[in-house]
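Shown next, in structure tokens, is the structure this report addresses.
Atoms within a ligand are numbered from 1 in the order they appear, just like the ligands themselves.
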Amino acid sequence: MTSVQRVTLVGLGAIGASYGERLLVAPGVDLRVLVDEARKRRYEKSGVRVNGRRIDFPLYVPGHAVEPADLVLFCVKYDDLAEAIEMVSDHVGPNTIFMSLLNGIASEEDIQAAFPENAVLHAISVAIDAVREGRDVTYSNLGYISFGDATGRHADAVRAVCDVFDRAGIAYETPDDILRAVWWKFMINVGVNQASAVLRAPYGVFQQSEDAREVMRMAMREVVAIAQKRGISLREEDVRRFDDILNAMSPSGKTSMLQDVEAGRPTEVEQFAGKVIDLGKQLGVPTPINRLLYHAIRAHTPHERLHALVPPAP
Ligand SMILES: NC(=O)C1=CN([C@@H]2O[C@H](COP(=O)(O)OP(=O)(O)OC[C@H]3O[C@@H](n4cnc5c(N)ncnc54)[C@H](OP(=O)(O)O)[C@@H]3O)[C@@H](O)[C@H]2O)C=CC1
Ligand SMILES: CC(C)(CO)C(=O)C(=O)O
């Protein structure tokens, strides 16, 4: 079996630092966190903390000769993925396995297009409640990673990743139908991330308020309708299945999209409502709820508001 020793992680944010902390101390793992020069300087100056403890992640910049990674883990936001893919090429060999923990349904395709010969596993992270403020990441629940091979060609890569996650103490599952799992997570993000951003609501609000949960579910149901047209077997029970996960989240925890809105960062709305609207048009599924959320979320995002207000230069 292929064994994962060298792991290159790109994106030391809420997700990356949380899982990175585990990988850093895993027996037999050589973790390399890939950053550009400017980030390296910033991170060395500020330090990176996980649950209040400073962690000295080994920072690598592109352009240095390194042994190829056995596993590349992408943990950036979707808007930064293209740059991250470009940066990582020095760390890639013919046997490098890729995994993306990004939300949405597009990242694996982008990675596979850039590295057509490599194994790209599909993955989602479920029930993690990581929050990042500056370079401080906190979580109370690391949740689990659900991953698998959608091509039927990389069973060995799946086994190798199970083994490294066992060594790192990262909980995981390998469902039979990973694409269904990815769409289930997409449905969740379209619901809770977007509703939380518009309502400015941490998980506690959704735990208490049936109205907040209904906003979330209305958006999710449009994903169910689209998934069914695409032959992905999502159903109303899948919408309800999220309740148990939601109830176990820290009440003060926040979705990644609410964190972005509060920090004034761009959001992943194009990957959530934007995708739902496009797919709805292609498949003849009405998506009024996501259309509303799309515009409401974009109205929060400073750089997009600015573009609308500042007239183009003559
Ligand atoms: N937070 C959560 O609970 C969950 C998030 N997700 C998904 O995981 C993905 C990551 O989210 P999250 O961790 O919250 O995001 P964050 O914004 O916290 O982290 C992303 C990190 O990527 C870094 N980055 C961006 N571009 C580069 C680059 N070119 N090279 C190196 N580092 C780079 C950023 O650095 P810098 O800060 O220096 O700009 C940032 O710290 C998203 O798709 C999100 O939807 C999935 C499940 C749960
Ligand atoms: C499911 C949820 C809401 C937390 O893991 C998430 O994926 C996010 O915050 O982006």
Side-chain angles (χ1 to χ4, degrees), residues 8-20 32-46 48 50 57 59-62 72-89 91 99-108 110 123-146 181-182 184-197 201-203 206 216 220 241-242 244-246 248-250 253-272 275:
T8 297
L9 183 149
V10 199
L12 199 56
I15 291 291
S18 302
Y19 291 119
R32 297 100 58 100
V33 175
L34 188 62
V35 286
D36 49 85
E37 291 282 1
R39 281 193 170 85
K40 184 166 188 286
R41 279 194 298 276
R42 263 201 287 129
Y43 295 2
E44 283 171 349
K45 192 162 171 224
S46 65
V48 176
V50 178
F57 286 102
L59 303 177
Y60 285 62
V61 290
V72 166
L73 205 53
F74 286 111
C75 301
V76 296
K77 290 268 169 48
Y78 186 80
D79 280 353
D80 297 316
L81 180 62
E83 191 190 334
I85 287 175
E86 211 165 291
M87 275 171 60
V88 88
S89 56
H91 287 235
M99 183 180 275
S100 145
L101 295 180
L102 276 70
N103 281 327
I105 51 176
S107 62
E108 285 85 3
D110 295 4
I124 54 173
S125 62
V126 183
I128 182 167
D129 55 11
V131 174
R132 174 168 75 87
E133 279 174 40
R135 301 263 62 87
D136 279 275
V137 173
T138 48
Y139 66 83
S140 64
N141 186 352
L142 199 53
Y144 63 94
I145 296 178
S146 184
V182 167
W184 177 70
K185 179 72 194 291
F186 177 55
M187 176 196 79
I188 289 170
N189 293 129
V190 165
V192 72
N193 289 40
Q194 300 194 122
S196 72
Y203 297 123
F206 291 91
M216 171 188 96
M220 286 174 164
R241 211 183 108 208
F242 181 53
D244 291 345
I245 293 175
L246 188 54
M249 305 289 246
S250 160
K254 295 170 184 173
T255 66
S256 54
M257 185 176 262
L258 177 57
Q259 294 178 49
D260 287 338
V261 167
E262 288 184 346
R265 298 189 294 251
T267 69
E268 293 182 306
V269 68
E270 300 297 336
Q271 293 308 309
F272 301 155
K275 259 289 188 275

Please report which non-hydrogen protein atom sits nearest to [atom], along with the residue it belongs to and the distance in Å to one decimal place.
| atom | answer |
| --- | --- |
| atom 2 (C) of ligand 2 | Tyr203 OH, 3.9 Å |
| atom 1 (C) of ligand 2 | Lys185 CE, 3.5 Å |
| atom 5 (O) of ligand 2 | Ile128 O, 2.8 Å |
| atom 6 (C) of ligand 2 | Asn189 ND2, 3.4 Å |
| atom 10 (O) of ligand 2 | Ser256 OG, 2.6 Å |
| atom 18 (O) of ligand 1 | Arg132 NE, 2.7 Å |

Tell me, please: is Met249 in heavy-atom contact with ligand 2, that is, under 4.0 Å?
yes
If the contact criterion is a heavy-atom separation under 4.0 Å, does Phe206 count as touching ligand 2?
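Under 4.0 Å: no for Phe206.
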With only distance considered, is [X] within less than 3.5 Å of ligand 1 through an N or O on each side?
| X | result |
| --- | --- |
| Asp129 | no |
| Gly16 | no |
| Arg265 | no |
| Ser125 | no |
| Asn193 | no |
| Val35 | no |

Need the ligand 1 atom indices (1-based, order shown) with element for anything under 4.0 Å from a heavy-atom of [X].
| X | value |
| --- | --- |
| Met87 | 28 (C), 29 (N), 30 (N) |
| Leu12 | 41 (O) |
| Lys185 | 46 (C), 47 (C) |
| Leu34 | 31 (C) |
| Asp80 | 25 (C), 26 (N) |
| Ile128 | 3 (O), 48 (C) |
| Leu102 | 43 (O) |
| Cys75 | 10 (C), 20 (C) |

Do [X] and [Y] have side-chain N/O donor and acceptor atoms under 3.5 Å apart?
| X | Y | answer |
| --- | --- | --- |
| Asp260 | Thr267 | no |
| Tyr78 | Asn103 | no |
| Arg135 | Ser46 | no |

Nearest 0.5 angstrom please: [X] [atom1] to [Y] [atom2], how far?
| X | Y | atom1 | atom2 | result |
| --- | --- | --- | --- | --- |
| Ile85 | Met87 | CD1 | CE | 12.0 Å |
| His91 | Tyr60 | NE2 | OH | 8.0 Å |
| Cys75 | Leu81 | SG | CG | 11.0 Å |

For a quick test of reading the model, state the closest non-hydrogen atom pair linking Lys254 to Pro202 and the distance between them.
CG-CB, 4.1 Å
Considering all heavy atoms of both residues, which atom of Ile105 and which atom of Val182 are nearest to each other, and what is their separation?
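Nearest heavy atoms, Ile105 then Val182: CG2-CG1, 4.0 Å.
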Relative to ligand 1, is [X] under 4.0 angstrom through side chain, backbone, both or neither, heavy atoms considered?
| X | value |
| --- | --- |
| Asn103 | both |
| Tyr78 | neither |
| Leu101 | backbone |

On a heavy-atom basis, I'd like to know which of [options] is closest to [atom].
| atom | options | value |
| --- | --- | --- |
| atom 37 (O) of ligand 1 | Gln271, Arg39, Glu83, Arg135 | Arg135 |
| atom 19 (O) of ligand 1 | Gly134, Gly13, Pro266 | Gly13 |
| atom 43 (O) of ligand 1 | Lys254, Glu268, Lys77 | Glu268 |

Any nitrogen or oxygen of Lys254, main chain or side chain, under 3.5 Å from a nitrogen or oxygen of ligand 2?
no
